[in-house]
Amino acid sequence: MTGAVRGRGRVPGRPAAARTRGVAAACAVLTVATALAVRAVSDGEGGKYAGDALYTVLVHALAVLVAPRVRPALAAGAALVLSCAVEVAQLTGVPAGLSARSEVFRLVLGSTFNAPDLLWYAVGAAFSWGVHRAVRRWAATVAGRSAQASRRVRPSDS
């Protein structure tokens, strides 16, 4: 039953999903800011490959924003597959044509295929998986402690 109310007037899962979306949105903004900062200070290979990894981290954060209950491995895998698909699509020349028309397309799609980028996408996916997994475990621990504390009967309550 969609929208069923249980307990103290709460809709199950909604507050947690909203918090998760908020964290994912903040991570997406932080990732873009980090990528722009890296781009501003580095124009060498290191900056380029950091940008590749951050691209996949951003895709992971956006996946969590859209589907807040997604498991870390699935979000990381989807981010990796999408990142690699965009890279392989560069072999067709379509992204290069779009990139020539718009800076946004150039940033999102790139223009030329570069095989080492695939490795850096995997690095970004592994990093985002680890962070997502750690945050989920931490949140579960905090929620467990909170639930235990709310079940305790206080002397003044009896």
Side-chain angles (χ1 to χ4, degrees), residues 1-4 10-144 146:
M1 182 166 136
T2 304
R10 289 195 238 161
V11 177
R14 291 261 171 98
R19 278 191 303 273
T20 301
R21 281 191 171 106
V23 170
C27 287
V29 169
L30 181 62
T31 301
V32 169
T34 302
L36 292 173
V38 166
R39 185 178 162 95
V41 300
S42 174
D43 59 354
E45 293 294 308
K48 181 195 176 319
Y49 292 134
D52 291 340
L54 289 167
Y55 181 90
T56 304
V57 171
L58 176 61
V59 174
H60 183 123
L62 295 175
V64 175
L65 186 64
V66 171
R69 291 189 178 144
V70 67
R71 292 177 185 246
L74 181 59
L80 177 59
V81 167
L82 182 63
S83 298
C84 290
V86 168
E87 187 69 27
V88 170
Q90 292 171 356
L91 291 169
T92 67
V94 172
L98 293 170
S99 294
R101 295 182 185 152
S102 166
E103 181 70 15
V104 173
F105 280 129
R106 190 179 70 71
L107 290 172
V108 173
L109 300 176
S111 60
T112 34
F113 178 79
N114 185 23
D117 290 354
L118 301 173
L119 169 69
W120 292 101
Y121 295 143
V123 168
F127 175 79
S128 62
W129 167 79
V131 170
H132 186 177
R133 186 169 182 247
V135 168
R136 273 186 88 171
R137 285 183 175 210
W138 174 81
T141 301
V142 169
S146 185

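Numbers here simply count residues along the sequence, with the first being 1. For the numbers below, each heavy atom of this structure counts, side chains included, while hydrogens, waters and symmetry mates do not. Only a predicted model underlies this, so the values are computations on that prediction, with no experimental measurement involved.
- A125 approaches L80 most closely through the heavy-atom pair CB-CB, 3.9 Å.
- Under the rule for a side chain to side chain contact (heavy atoms under 4.5 Å, CB included), the partners of V108 that lie at least two apart in sequence or sit in another chain are Y55, V104.
- For Y121, the side-chain hydrogen bond (donor to acceptor under 3.5 Å, both in side chains) partners at least two apart in sequence or on another chain are E87.
- F113 CZ: more than 12 foreign heavy atoms inside a 6.0 Å radius.
- With sequence neighbours left out, W120 forms a ring pair (Phe, Tyr, Trp, His ring centres under 6.0 Å) with Y49.
- Taking S111 as the reference, A96, S99 meet the side chain to side chain contact (heavy atoms under 4.5 Å, CB included) condition, with sequence neighbours excluded.
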Side chains of residues 20-28: which donor-acceptor pairs under 3.5 Å do they make with residues two or more places apart or in other chains?
from: T20; atom 1: OG1; to: A16; atom 2: O; distance (Å): 2.9
from: R21; atom 1: NE; to: L65; atom 2: O; distance (Å): 3.0
from: R21; atom 1: NH2; to: V66; atom 2: O; distance (Å): 3.4

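- Counting only residues at least two apart or in different chains, salt bridge (charged side-chain N to carboxylate O under 4.0 Å, His left out) contacts with residues 110-136 comprise K48-D117.
- One distance of note links CG of L62 with CG of L82; it measures 9.5 Å at 0.5 Å rounding.
- Scored by the side chain to side chain contact (heavy atoms under 4.5 Å, CB included) test, V135 finds V131 as partners (sequence neighbours excluded).
- The ring-ring contact (aromatic ring centres under 6.0 Å, His included) analysis of residues 59-93, with sequence neighbours excluded, yields the pairs H60-H132.
- For T92, the side chain to side chain contact (heavy atoms under 4.5 Å, CB included) criterion is met by V94, P95, not counting sequence neighbours.
- Evaluation of the side-chain hydrogen bond (donor to acceptor under 3.5 Å, both in side chains) rule for Q90 yields no partner, not counting sequence neighbours.
- For residues 33-43, every residue pair satisfying the salt bridge (charged side-chain N to carboxylate O under 4.0 Å, His left out) rule, not counting sequence neighbours, is listed here: R39-E103.
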